[in-house]
Amino acid sequence: MLEIGRLTVEGLEKNIVTDERNPHISYKVKSDVQNVCIENCHIVVSDCLGNIMWDLNTKKQIEIPYEGKRLEPSSEYRVDINVKVSNGEEASASVKFSTGLMTKRWPWNFITDGSYSFTEKKVSPEPMVFKKSIKAEGKVKKAYIYATALGIYELSIDGNKIGNRYFAPGFTSYKSNLQYQTYDVTEIFAEKNEHDVRFTVSGGWAVGSFIYSRNNRFVADRQALSAVFYFVYDDGEVDFFGTDSSWLVTRKGQLKMADLYDGETFDSTVDIESAEWQKAEVENLRVNPEISAECGAPVTEHEVFEPVSEKLLDKTDEIIYDFGQNFAGIVRFTVKNAKKGQVIEIKHAEILNPDGSLNTSFLRSAKATVTYICSEGTQTYSPAFTYMGFRYVAVKGVKKEDFDIKAIALYSDIEERGSFECSDEMLNKLQQNIKWGTKSNFVEIPTDCPQRDERMGWTGDIAVFGPTACFNFESGRFLKKWLKDVRSEQLSTGGLPNTVPANGFGFPVTMPTMAIDWWGDAAVLVPWALYKSDGDISVLQDNYEMMKKYVGACRKWAALLSLGKHRFIWHTPSVFHFGDWVAPDVPKMQQWQKRSKWTATASLYNTSKTLSEIAQILGKEEDAKEYRKLSQNVADAYESIFTDGNGKLHEEFQTAYVLPIQFNMFRKENKEKAVDNLVKLIEKNNYCIGTGFPGTPYILFALADNGRADVAYKMLLNTKCPSWLYEVKTGATTIWERWDGLDENGQCPIGDDGTDMMISYNHYASGAVGDFLYRRVAGIEPVEAGYKRFRVKPLIGKDLTYAKAHIDTAYGVAGSEWHIIDSVFTIDVDVPVGCQCILELPDGTSKEYGSGHYTATVKL
Ligand code: BGC
């Protein structure tokens, strides 16, 4: 039977609102017959009256840009597809989408509490509540609210929250890009024509205190809100109006304090109706961003955790709850028998002290505290304008028997698309930890960590982690939205801020024009990871100019004040680099940075080589040649200057071997010797990891792909510190920032080591090993972007007796599952319709398959 698996517009199956003039359509097809391919897909797009806007016959399946008649704003459309495959079967499906306001100029005012001026440093503003009774002047056929803010807003109608999104309008580079949300409130206004509409607006990222220096008022001096109401009546009349000075505003509501790092204070005893309300004032914004329909992945509620243990700490009278998992989110609690004015305080942390109390020292300035002032009786509360990274909470001010608490994971709506499992339970736990690292740090933007006073869009972290994220999660919308900000924030010289959105974070303030290896490389590596995983060429097209400017800047910095081959050694002073960031074999930050000559030069090779491939794909032959030449020069310089010309580095450390080996920068005969030298270093290090951010994603590939699968497996399965499985052995439920973050007693041995307590237990970067689990252990990797053609070639080794991975690719599920029983290797592969799979077996033979499920067996 033939079925349409998933039909999407702009990557979504439902609730689709877009401002794109050429939204992209994709579909997946499932068939139980082998070897079918698409004969034709008939796509028809029509408007709400059934008029045909576009009609296309195509064999393409993914990212088909709509090219029909001009789409109108605030309108509904329908996409119908009929797919015919090679065995004659057919299937049909349809999906609806709406257009947003489709205008570059936001059509309405922003309003604020004009009496509020707030100048205090390092804190967030008092939350504001705006209200108005909104009336529809006729029988409603359609009613939409479009809303945005500088600050974080929540919309409620008659006391009920509308939508399931947290942190609207989302985190973007507010000077350039601001999103608005669309709420379909047709049912509400069709039932009754007048409603109490309210917006609560906190400071959020735009106005509140954010980044570790706790800057505030980054793009506005106080919160500003704008909403547009669009009503279509049964008689065809249209009403279009928005926020103005007829709205009322108060700062005396129940929400007393809301701050992304510090938490929330909520006083339920406050009667907001009798609070002082005053007229809102129109606010002139300091910034002039492009305001467009939400294009990323909104943050919503996901997993719910019940405590796995609860303990009363006599000393402090706190109840300590353990949720069994470190994650980003909030608590939700119900309190019974409460007395009016009773104060409940909840603190959050990732680890405990030896006496069982919370260890909050690594949160730095983030207070991560929820304070709730009860009214009489039973009540339920959860914060809505903040989140924390935690596993444990300490609750004060309530009796255990009167208190019921849960925790809820909050993260961007990224669909889980990949799974990996094997016969080693510790590796399976590592895979789960990698997934939790992603969930906890895909909150609006790709962050470094969810707990301390950072949670910033550190570019280096996602540059190295991108491929792994794309195996496990459908990351297209989430990363494309972030890349839009990366483009907006690129400096005219080609350099990039180290965090995007920078949101006032000055670094590298001393050298604002600087390009920084690996961190800036996100400009090339993130679009490339996304393209390879999803096959969406628009991600290369949209980012190509940015990549060129960035690589151009790197090349200039490398060449600065140098001659001959030294022009291709990127040698700017190490204070302007992160180098081999968090490499565990040298303890000091300055030592990580000192390795920048090697990491930066290898980065220049990698970005220029990748860019030459991208140029080739985009048909830009001249560019392709130029960047290839540049990469060759860099490779030659690395080998001539850093090695003895015989595969041995003058200064040896794991990353300095891993990068050139993995990127193929050495001549063939020297590469083999370099691999031997790397192996010697690893053996000397007891098969423990010695790489920082740049080397970690590649070390196992550098070994396994060069005849040393044995060493790769020994490292992967090592449980001595530092290693991936040491963290698992020590009870980690996510990936740590520092390999030695906890000793075997669960305590942090690092202390104040000059990194400003940079110790987080939820930092995905070294989880980049996930790429190896999919591509080598399970053996599944795209050969052509989006898995149009993919290879299955498992790397059997050590004592693993089975491994399996499935990825719900843009075409459908691609899978590999192998078992070894009595020296017989059996493998099952799944190939989606429209794809080809090359299966390479351990005996050196290979087979090529079209779509379907296949099994092959080899005697080992
Ligand atoms: C962050 C990192 C980041 C690094 C660069 C840290 O504070 O948490 O993950 O990439 O700084 O300096």
Side-chain angles (χ1 to χ4, degrees), residues 210-215 260-261 326 328 350 361-366 389 434 437-438 440-443 445-466 468-469 482 486 489 495-511 514-523 525-526 573-584 586 588-596 599-600 603 655 691-697 734-739 741 748 750 752-768:
F210 192 66
I211 72 175
Y212 54 70
S213 45
R214 308 292 303 251
N215 293 5
L260 285 156
Y261 297 143
N326 193 351
E350 294 183 293
S361 34
F362 307 120
L363 303 181
R364 303 197 305 214
S365 74
I434 292 170
T438 322
S440 318
N441 284 296
F442 272 26
V443 179
I445 56 156
T447 61
D448 54 339
C449 54
Q451 73 299 89
R452 67 174 176 232
D453 52 5
E454 288 206 53
R455 318 181 193 183
M456 292 151 71
W458 281 99
T459 48
D461 304 46
I462 189 64
V464 297
F465 188 69
T468 300
W482 182 73
V486 181
E489 300 225 14
L496 293 169
N498 288 309
T499 61
V500 176
N503 226 61
F505 183 51
F507 188 78
V509 75
T510 39
M511 280 279 194
M514 189 89 183
I516 292 191
D517 60 298
W518 290 99
W519 271 251
D521 294 6
L525 302 188
V526 174
S574 60
V575 287
F576 299 121
H577 298 266
F578 298 112
D580 204 11
W581 193 251
V582 303
V586 282
K588 291 254 172 293
M589 191 165 102
Q590 290 75 9
Q591 291 171 295
W592 308 333
Q593 290 179 289
K594 280 230 165 75
R595 291 176 171 179
S596 62
T599 59
S603 132
T655 297
T691 49
F693 273 29
T696 301
T734 44
I735 302 292
W736 303 341
E737 179 173 28
R738 306 286 287 274
W739 296 92
C748 177
I750 304 173
D752 191 357
D753 65 346
T755 60
D756 191 20
M757 303 292 253
M758 209 190 67
I759 302 158
S760 120
Y761 297 94
N762 206 347
H763 234 80
Y764 53 47
S766 69

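Counting starts at 1 for both ligands and their atoms, following the listed order. Side chains are part of it too, since the values below use all heavy atoms of this structure and drop only hydrogens, waters and symmetry mates.
Applying the side-chain hydrogen bond (donor to acceptor under 3.5 Å, both in side chains) rule to Thr599 yields the partners Asp517; only residues at least two apart in sequence or on another chain are considered. Residues that satisfy the side-chain hydrogen bond (donor to acceptor under 3.5 Å, both in side chains) test with Thr691, not counting sequence neighbours, are Thr696. Evaluation of the side-chain hydrogen bond (donor to acceptor under 3.5 Å, both in side chains) rule for Asp461 yields no partner, not counting sequence neighbours.
Every protein residue with a heavy atom nearer than 4.0 Å to ligand 1 is included here: Asp448, Arg452, Glu454, Trp458, Asp461, Trp519, Phe578, Trp581, Phe693, Glu737, Met758, His763.
Side-chain atoms of Asn441 and Thr447 form a donor-acceptor pair, as typed in the model, at a separation below 3.5 Å.
The ring of Trp519 has its center closer than 6.0 angstrom to the ring center of Phe578.
Salt-bridge check for Arg738 with Asp753: passed, with a basic side-chain N closer than 4.0 Å to an acidic carboxylate O.
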